[in-house]
Amino acid sequence: MKLAPHLFSTLAVALGIAPTVIAQTSIKAVGLGTATAENSAYWFPSYTISNFPVMDMDSEDLRCRTSDFGMDSNTLALGVPAGRNMTVIWDSKKSMITDTETQYAPSGPCTVYMAKLSSQGTGSSWFKIYEYGYKDGNWCTDYLKGQMNKMTFNVPQDIPSGKYIVRAEIISLRTSTKSNYDDFTQGAQFFPSCLVVNVTDGGSASPSLSKIPGIYKKSDPGLLGNFGAGQKLTSYKVPGPAVYTAGTSSTTSS
């Protein structure tokens, strides 16, 4: 069942459902290194749908929380030299929580994917460049709280120059003890946000590509289990394909 974010909100209210979602769920700033600036021309979705998760992992909304983003070659893009670090800051205008008191879900990983803008994110076009799961008893969401909501990742130095969609994502696992995604109270909650970058000084690598939707399954052990607050794990595998590392080019698609 595919359900647009605004329909999720309407149906939830009508059924009296109060889904628990993380408070800060959209990108509010982006930049090179650790310096960031707020320029919403680079990213989407808008704040009007930023607080609602994608819960149907077969929906096209899984790409960027909206299947209608209408980007083209003239889309404004942030210039990023290949090999440089980028930083995004997560936030939500709907939240009354201050930056120093950001309240994420009690558990969840983060990922970052890229796709050439010319693909519009359709078909096998995405490759993962970053993931942070569970380390030393803490989730990525815990790490973000300690970093004032900042997430820094590297753009591979050998990918071709050109415009790309960068898809940053937080996955909330607070309701993942069951895989029932039809009643909107159980299952992993996906909060992707996308922005457009123009990579310069790149190389000729061909990372292995995947489809979104298609990277997740309801039965994935990293998406189904008891991941609630206070649970201590001995190991955790971030769902989805492996992270692409510069110098390990492959043309295999999934």
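The backbone N or O of Arg63 sits less than 3.5 Å from a side-chain atom of Arg167, completing a donor-acceptor pair. Using modelled atom types, one side-chain atom of Asn154 and one backbone atom of Gly83 make a donor-acceptor pair closer than 3.5 Å. Between the Trp90 side chain and the Lys150 main chain, no donor and acceptor come within less than 3.5 Å of each other.
The two atoms that bring Pro156 and Ala82 nearest to each other are O-CB, 3.8 Å, heavy atoms only. When all heavy atoms of Pro160 and Ala205 are compared, the pair lying nearest together is CD-O, 3.3 Å. Across Asp201 and Pro81, no two heavy atoms sit closer than the pair OD2-CB, 4.5 Å. Contact detail for Gln189 and Met55: the closest heavy-atom pair is CG-CE, 4.1 Å. The shortest non-hydrogen separation linking Ile165 to Cys194 is CG2-CB, 3.9 Å. Between Val197 and Leu195, the closest heavy-atom pair is CG1-CD1, 3.5 Å.
Residues Leu209 and Pro241 fail the side-chain proximity criterion, which asks for heavy atoms closer than 4.5 Å. Side-chain contact between Val238 and Thr111 is present, with at least one heavy-atom pair separated by less than 4.5 Å. Phe191 places a side-chain heavy atom less than 4.5 Å from the side chain of Pro53. Residues Thr87 and Phe153 are not in side-chain contact: their nearest non-hydrogen atoms beyond the backbone lie 4.5 Å or more apart. Taking 4.5 Å as the limit, every side-chain heavy atom of Trp126 sits out of range of all side-chain heavy atoms of Lys211. Side chains of Leu78 and Asn198 form no contact here, defined as non-hydrogen atoms less than 4.5 Å apart. Residues Tyr164 and Leu117 are not in side-chain contact: their nearest non-hydrogen atoms beyond the backbone lie 4.5 Å or more apart. Counting heavy atoms from C-beta on, the side chains of Val80 and Met86 come closer than 4.5 Å.
For Val243, the side chain to side chain contact (heavy atoms under 4.5 Å, CB included) partners at least two apart in sequence or on another chain are Lys128, Glu131. Taking the side chain to side chain contact (heavy atoms under 4.5 Å, CB included) definition, one finds that Pro239 meets it with Ile171, Tyr216, Asp220, Leu223, Tyr236, sequence neighbours left out. Tyr134 pairs by the ring-ring contact (aromatic ring centres under 6.0 Å, His included) definition with Trp139, not counting sequence neighbours.
Rounding to the nearest 0.5 Å places CD1 of Ile170 at 8.5 Å from CG of Asn149. In this structure, SG on Cys140 lies 10.5 Å from CD on Glu169, to the nearest 0.5 angstrom. Of the inter-residue distances, the one linking Gln120 atom CD with Cys64 atom SG reads 10.0 Å to the nearest 0.5 angstrom. Interatomic distance, CG of Leu144 versus OG1 of Thr141, reported as 7.0 Å (0.5 Å rounding). With values rounded to the nearest 0.5 angstrom, Ile89 atom CD1 is found 11.0 Å from Gln147 atom CD.
Under the 3.5 Å distance criterion, with hydrogens and angles disregarded, no donor-acceptor pair is assigned to the side chains of Thr200 and Ser161.
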Quiz item: Can you list the steps and then say if Tyr132 with Tyr143 is a ring-ring contact (aromatic ring centres under 6.0 Å, His included)?
Solution: CA-CA 9 Å; Tyr132 189 121; Tyr143 169 77; 4.9 Å; yes
Self-check item: Test side chain to side chain contact (heavy atoms under 4.5 Å, CB included) applied to Val166 and Val196, step by step
Solution: CA-CA 6 Å; Val166 173; Val196 181; over 6 Å; no
Self-check item: Intermediate values then yes/no, side chain to side chain contact (heavy atoms under 4.5 Å, CB included), Lys218 and Leu224
Solution: CA-CA 7 Å; Lys218 292 181 180 180; Leu224 178 62; over 6 Å; no
Exercise. Determine, step by step, whether Ile159 and Ile129 satisfy the side chain to side chain contact (heavy atoms under 4.5 Å, CB included) criterion, reporting the C-alpha distance in whole Å, the side-chain angles of both residues, the deciding distance to 0.1 Å, and the verdict.
Key: CA-CA 11 Å; Ile159 62 173; Ile129 64 168; over 6 Å; no
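Exactly one residue among Tyr130, Tyr244, Phe127 makes a side chain to side chain contact (heavy atoms under 4.5 Å, CB included) with Met114. That residue is Phe127.
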